[in-house]
Amino acid sequence: LFHARFEQAGLVDAIKDLIQDSDFHCRDSGIALRNMDNSQVAVVVILLEAGGFLPYHCDRRLNLGISLTSLTKIVHYAGDEATLALKANDNPDTFNLVLECLQTGCIIKYDIKSRDIDQEHLEIPKTDYAATITIPSAEFQRICRNLSQLLESVANEASEERIKFSSSGDIGSGSATLRHNSDLTGPIALTISLKYLVNFSKATALSYSVTLSLSSEVPQLVEYKVESGFARFYFAPQIGE
Amino acid sequence: PAGQGSLLSYFGQK
């Protein structure tokens, strides 16, 4: 039997534009998701430890293939305040999804067929980054959305005290600078697609702060801590000139 | 021209 109740259903909204469907690996320790977007440029890794759910019960390993497109529609109409419960019995072909709106007490139940998802197995090695910078998530989202209105990619430059997001395109250029208190092993400069950063920043509601881990020649990491877990977004570095 | 690398080359199954 598997039963998990989750109070941050907005997490689904944060990843739906990157991943259309995914296996959810359910273990006694918690739920994990690890998947790559179709263009192979971004990877989403989510870990929700059992302690973050009330209740959580999983007595055997279970992989649920879930359409995030469908899940998003279900969660969207329930609103941000809804809790989401997943239930599965010994038949892994279907699972139950229960949405509960705390304000009104309304309960919506679905029986969903588990999808058979042909998913790459990803091994994510431990990486030492040149810069690991934590900034307010709302500021990060504001910067990404603002610059992306006119421009397509952003160059990140970080020094001891400041991180600078600068961008240029046909219409001209723009930049945003933020103070930070993080440690750097040295100054760093790299370029990232704003379209993806805007996507990653949809996780803003999950956490007050976001941590950017940057190095020139390895995937960049954008991480949001959630209660008893995290949502991590990796982005491929640019290659060639 | 500069391009975006694939994450499979970093995270693909060993």
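None of these values were measured; they are calculated from a predicted model. Just so you know, these numbers use all the heavy atoms, side chains as well, and skip hydrogens, waters and symmetry mates. Letters A, B, ... mirror the listed sequences (proteins, then strands); counts begin at 1.
A 6.0 Å sphere centred on CZ of A:Arg27 holds more than 12 heavy atoms belonging to other residues, nucleotides or ligands.
When every heavy atom of B:Leu7 is checked against every heavy atom of A:Pro219, the shortest pair comes out as CD2-CG, 3.4 Å. Closest of all the heavy-atom pairs between A:Gln40 and B:Ser6 is OE1-OG, 2.9 Å.
Highest contact tally toward chain B, considering only A:Ser193, A:Ala236, A:Ala42, is held by A:Ala236 [criterion: heavy-atom pairs under 4.5 Å].
Rounding to the nearest 0.5 Å places CE of A:Met36 at 7.5 Å from CZ of B:Phe11.
Contact of the A:Pro237 side chain with the B:Tyr10 side chain is registered, since non-hydrogen atoms from C-beta on lie closer than 4.5 Å.
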